[in-house]
Amino acid sequence: MFDVSTLLILIPGVPLLATLVTAALGRWVLGRRSHVPVVAATAISLAASLLLIAEVHHGAQGWHVPERSEGRGDSANHALRSSGRATQCEDQIGYEQTVTLWTWAAVDQAPRGGQSHLRGENAGWPRHDSRAAKTGAVPTGRDDAASRDFRIDVTLRADALTAIMLAVVSFVSLVVAVYSIGYMAGDPGYWRFFTYIGLFVFSMLMLVSVSNFVLLYVFWEAVGLCSYLLIGYWYDRPAAAAAGMKAFLVNRVGDFGFALGVFLLWTTYGTLDFHDTVAGGAVTSVGILGQTRLADPAMFATGATATAICLLLLLGACGKSAQFPLHVWLPDAMEGPSPVSALIHAATMVTAGVYLVARCAPLFAASADAGHVVAVVGGFTAVLGAVIALTQTDLKRILAYSTISQLGYMFLGLGVGTVLGVTAGMFHLFTHAFFKALLFLAAGSVMHAMGDVIDIRRLGGLRRRLPVTHWTFLAGCLALAGVLPFAGFWSKDMILAAVHEKAGAGGALYMVLYFAALATTFLTALYTFRAYFVTFFGVEKVPEEAGGHAHESGRAMTGPLVILAVCAVAVGAVFGWTHGFADFLRQTPSIAFLDARTAPMFDESQPPATAHLAIVVLSTVAALAGIALAAALYLGSGAAVSRLARVMNVLGLYRLSRGKFFFDELYRLVVVRPLAGLARACSWADDRVVDGLVDLCGRLPPALGSALRPMQNGMIQFYALAMILGLLVLFAAVFL
Amino acid sequence: MNFFEIVENTLRDTLGPSLTAFRPEMAVCATIVALLLTRMLAPRWKSSPFWLTVVGAAAALWFAAPWHYLSGETSERAATIFTGMLVFDTFSVYMRSLLFVFLVFFAVLVRVTGVPEREDLTEFFVLVLGAALGMCLMLSANHMLVVFLGIEMASVPSYVMAGMIRHRRASSEAALKYAVYGAATAGVMLYGISLLVGVLGSAHLPTMGTQLADMLAGGHFADRTMVLVLGGLMVMVGLAFKLSAVPFHFWLPDVFEGATAEVAAFLSIASKAAAMGLLVRLVIAFGYAPDATQLAALAPARQYMAMLIGTLAAVTCTFGNLAAYGQTNMKRLLGYSTIAHAGYMMMPVAAMAMLMGGEPAAARSAVSAVAFYVAVYLFMNLGAFAVVALVRNAAGSEEIDAYAGLIYRSTGVAVCFSIILFSLVGLPPLAGFAAKFVAFASVYDAGMLALLAVGLLNTVLSLFYYLRVVKVMVFDTAEDASGAMAMATSAGLYLLIVTAPLVVWGIWWNGLYAWAKAASAALS
């Protein structure tokens with residue numbers, strides 16, 4: 001009944017419709033019922049996403065990991081393949097299906113002939129010939145002399161990676177939207193909130209399903225816009241407005257890199273499509289991540305170009321996914337409503353960077369250096385986030401730094417560059433979406449009950465007052481800390497296994513990263529349970545803002561908490577133990593490509609957990625040690641904590657962590673101050689020079705006019721005069 | 001061939017292919033006659049001018065049949081009609097179709113907003129259609145006489161339309177200025193034409209092109225360079241007046257301020273589009289010849305035209321944008337914006353002149369860029385002037401201050417106007433961006449990087465004054481918080497329909513661009 005294309009259109013289409021309805025009718029007609037369209041739309045999207053997973057799974061049946069063939073990279077072999085593709089060939093790498101909705105733009109590019117002297121250097125555009133091979137240029141697989149048309153098709157794609165992202169996004173969106181009914185009740189901007197959420201859901205669903213870098217960039221910006229709007233949702237609070245601005249500006253840095261990366265992709269590959277364009281049974285345009293190129297790895301750019309592309313894309317990913325050094329915006333983004341923190345700044349939007357790197361895995365595979373950078377950035381950010389989270393006192397900020405740290409984990413997995421690594425990174429994205437959304441929503445529930453107080457020093461012993469929140473928060477904490485059998489354990493373990501394997505295959509770098517990751521496990525457990533124990537145990541402390549009648553939140557809020565808690569407990573075991581997630585994800589062309597390229601890195605017959613017993617034991621011990629330390633420190637008197645803080649302060653660590661390593665201050669000094677100076681200079685120049693010019697131009701005609709006005713027929717004479725003068729000037733210009 | 005055979009042939013040609021191709025213009029003529037007759041025979045039918053004009057313009061559009069000629073179904077290429085006086089090709093089909101679409105929208109706009117002098121409605125539409133007829137001739141001119149005739153036919157009714165509000169002094173003054181200025185440029189242009197025709201020995205455009213090529217190839221033209229250059233320059237003056245290119249733009253802000261917003265819309269869109277099409281035709285006529293050696297010989301002419309048009313474009317664009325800054329009157333601001341956009345539109349024409357010699361495909365896409373830009377510009381300016389007219393009716397003012405807090409008083413109008421302004425700036429994902437993109441892509445193709453830089457800088461410049469209007473609408477509060485502005489439903493609907501293409505073509509610009517591409521397919 002529903003084929004893949006219908007589903008692909010339906011999934012983002014329905015939320016878009018809901019957004020338009022809410023925007024048009026929310027204020028006057030829907031009012032308190034403004035949530036209805038968005039909730040209904042996300043529910044439909046979720047159902048469609050699940051159907052899509054089934055379809056993709058069904059479509060991928062019969063496909064299996066291709067054996068490594070000796071002939072790969074042989075161009076004759078490649079030609080054979082591309083010609084035989086009309087009949088859904090068996091040796092397709094992974095499973096993908098694309099739907100082209102319409103052609104957005106098609107602008108003919110002038111043929112790069114060499115006739116025009118004006119072109120000069122451009123004449124020697126890379127061609128698919130021996131010369132190109134010698135100079136290391138990348139064959140684009142097209143007749144370049146004839147066509148380098150700028151053409152963008154609005155194309156959606158279905159493959160395992162997209163299907164999983166769609167399901168995660170629509171599921172978390174649905175849960176958060178339902179939660180928001182309770183959380184945002186009574187807010188004067190109720191309809192505005194749901195309009196933004198609907199817009200975000202649409203943009204995010206499009207982000208993960210488009211099959212073109214330009215469109216990816218468009219929706220990349222669109223989710224950034226939604227993030228900005230929702231961080232600054234309470235725009236009358238200066239802190240919220242400032243946080244929105246900060247998020248926007250920091251993201252600009254990353255997006256600039258991303259844009260440059262896209263430009264470089266265009267000049268290198270001559271297309272921006274992921275997929276091959278097939279017309280009449282023949283491939284007319286080889287996509288960057290298309291089957292033709294995947295079948296022939298020699299068609300990928302290598303060397304400095306590849307590294308530059310990957311690093312620029314990584315810069316974009318770092319901005320969106322709050323990785324060092326662009327992580328500073330995410331903690332401030334917690335000024336937005338809690339559901340927003342859960343949906344955008346924990347579960348979905350911030351994982352767009354991870355998605356991007358996973359999608360471009362073949363590009364990263366072409367550059368080992370870029371892979372190392374991804375791993376190092378990820379590993380470093382994981383430790384950094386965890387250390388800062390240790391000393392924060394704002395519950396949502398603790399969770400924000402935890403998100404940064406966990407995203408670092410994902411990047412670490414992706415940086416490994418093997419199938420296991422990429423799968424592990426994506427699996428962590430998957431599990432993290434559930435338990436981190438849960439933690440944020442639970443924190444929101446605490447905030448809701450406590451009159452918007454979120455400072456854990458003013459809270460305590462809330463487990464009796466907020467029983468549901470307490471139990472669900474605990475489930476989230478256990479999942480985050482990575483305790484068997486909770487969700488986080490499985491994915492974290494998989495990442496550790498991937499890093500360990502890479503370390504075993506050589507490379508001291510990855511051994512260091514492995515231990516950094518283990519240390520992060522310990523720190524994660526410590527800060528998570530610090531927050532948990534301080535908030536829910538000890539002497540009951542309820543701030544006066546709560547108004548003395550603090551109680552558990554309503555059913556609209558606890559329901560989603562319970563659902564997410566069940567997921568946080570179960571998804572890891574269900575998909576990790578059975579290996580179902582990894583098997584499904586490996587049908588993605590980009591990831592199957594890695595499979596075909598690299599030797600099998602782990603024994604497929606056994607679940608990873610048993611294959612890496614030592615790692616399991618080590619990480620579990622680290623996590624339990626963290627929990628135990630947290631219990632020892634925070635369940636007793638405060639004396640132990642302050643003593644530890646004093647000891648740490650001798651080393652300067654406590655101050656550093658408390659001050660978030662002073663990145664904000666550093667940036668203010670190095671970036672903001674000079675830029676502000678520049679801005680002042682520009683403003684001065686604008687006032688004096690530009691405005692002066694403008695004023696001059698504005699005054700010129702009237703001034704000239706008033707000079708001539710005393711004459712009888714002032715204006716018209718002047719006009720004629722000006723015309724003749726103009727003619728004379730032009731005439732003179734031609735001859736002089 | 002004796003006399004009767006000539007008559008016979010002419011008759012066959014005229015009655016056969018020529019009149020068939022000329023059906024849209026005949027529909028316009030018939031509408032003019034019908035308008036005048038109805039006025040005489042059924043004076044009580046007050047809304048007759050509107051209905052007749054809409055029907056007439058729609059019929060003209062039907063006969064122009066862009067869906068037939070531009071969808072690639074037909075293989076018909078360029079054909080000359082009326083013994084070579086006019087040329088009938090996809091470019092003229094495209095541009096004339098735009099003109100008829102505009103006429104339909106324009107008639108509805110006048111109906112929705114209402115012109116001040118209701119009893120003059122018949123005359124008004126007769127003038128509009130008469131001017132449109134002249135524009136049709138401009139767009140398919142293949143002969144210097146038709147060029148001049150077309151320009152004058154389009155201009156003379158415009159002078160009267162500018163002065164339609166008889167009792168307003170500013171209006172009459174503007175009309176007079178316009179007429180005097182127009183007469184002066186017409187004289188200059190006619191002189192230029194006579195110089196060119198005198199040197200080249202023909203007024204038939206393709207013949208003039210080949211004559212010029214032979215002359216340049218022969219090398220014995222040195223003594224006539226001065227005459228040719230001067231003649232070309234003078235013809236350009238006439239066009240620059242219609243295009244309102246600097247320094248021949250002085251009439252425009254005054255006329256826009258004096259005339260009604262509807263007339264300003266007509267002048268800024270239809271007149272500009274026709275002049276643009278004519279400019280493209282003339283550049284092709286003097287820069288292109290089918291024969292390869294002749295084509296090569298025309299290189300200096302192309303160079304000259306590219307530099308001339310490019311310089312005018314750069315100056316026009318920059319001046320228009322800078323002058324728009326200081327404006328407090330919305331119509332004046334849009335007037336300067338019109339000047340700036342004329343500059344943007346001339347840029348791909350310069351690029352085309354540059355590319356015509358070596359790279360016909362690139363030159364064709366430059367023409368497509370012009371055609372695309374004109375279509376987008378049509379809806380942008382139509383929407384903008386419609387808003388001006390609506391706000392004038394509701395608030396009684398055309399000053400920018402009158403737009404303060406519009407978002408609270410009339411949300412829909414403010415949103416539509418913001419979209420239009422953003423599109424005028426050229427921000428994605430709106431059609432204005434697509435138009436600028438294709439135009440600048442052509443300029444880049446031609447290697448005119450200085451011109452490209454000017455265009456891009458101007459886009460940045462223009463951001464400020466367009467967005468200032470948005471700021472006034474959203475952030476400023478009105479002094480007299482007079483509550484909601486009374487807007488008819490039809491007005492809102494009209495604005496929505498005019499704004500919609502900007503959004504649709506923004507995310508689906510290939511829909512229009514495919515036609516624009518077909519429009520340029522038959523050229524060179």
Side-chain angles (χ1 to χ4, degrees), chain A residues 24 27 101-120 122 146 149-154 215 218 221-222 686 690-691 693-702 704-705 713 715-731 733-735, chain B residues 173 176-177 180-181 184-185 188 226 229-230 233-234 236-237 240-241 246-248 250-251 253-254 304 307-308 311-312 318-319 322-327 354-355 357-359 361-365 368-369 428-429 434 437-438 441-442 445-448 461 464 507-511 513-514 517:
Chain A
R27 192 170 185 174
L101 301 184
W102 70 80
T103 300
W104 181 30
V107 179
D108 294 343
Q109 180 89 353
R112 299 276 169 181
Q115 304 165 349
S116 169
H117 62 284
L118 296 159
R119 284 271 165 57
N122 284 342
D149 298 350
F150 178 75
R151 183 186 172 89
I152 300 170
D153 291 331
V154 178
L215 294 173
V218 167
E221 292 296 328
D686 182 54
V690 178
D691 280 9
L693 267 178
V694 168
D695 285 353
L696 193 68
C697 288
R699 284 199 203 112
L700 204 58
L704 285 173
N713 297 322
M715 297 305 263
I716 197 87
Q717 270 188 358
F718 165 66
Y719 293 170
L721 185 68
M723 187 183 96
I724 301 301
L725 281 178
L727 187 62
L728 285 179
V729 167
L730 281 176
F731 192 62
V734 170
F735 282 98
Chain B
E173 193 184 320
L176 186 65
K177 277 177 193 167
V180 172
Y181 205 80
T185 49
V188 173
M226 180 75 102
V229 167
L230 196 58
L233 214 49
M234 286 175 157
M236 191 63 210
V237 168
F241 160 70
V246 176
F248 310 101
F250 287 97
W251 58 274
D254 289 355
Y304 168 61
M307 290 332 275
L308 180 62
T311 313
L312 275 183
T318 313
F319 181 89
L322 284 178
Y325 268 70
Q327 303 309 320
M354 203 69 138
L355 291 166
E359 298 176 53
R364 271 198 292 273
S365 51
S368 311
F437 181 90
V438 292
S442 290
D445 265 351
M448 304 171 95
L461 275 181
F464 296 101
I507 56 175
W508 184 49
W509 87 50
N510 196 44
Y513 191 75
K517 233 158 82 173

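Quick caveat: nothing in here was measured; it's all calculated off a predicted structure. Lettering of chains follows the sequences in order, A, B, ..., and the numbering in each one begins at 1.
At a 4.5 Å heavy-atom cutoff, B:F241 makes no contact with chain A through either its backbone or its side chain.
Taking chain A as the reference chain and counting heavy-atom pairs below 4.5 Å, the highest number among B:N510, B:L312, B:V237 is found for B:N510.
Proximity of A:T103 to B:W509: side-chain heavy atoms (C-beta onward) are nowhere separated by under 4.5 Å.
The line from CD1 of B:I507 to CD1 of A:I152 is 13.0 Å long, rounded to the nearest 0.5 Å.
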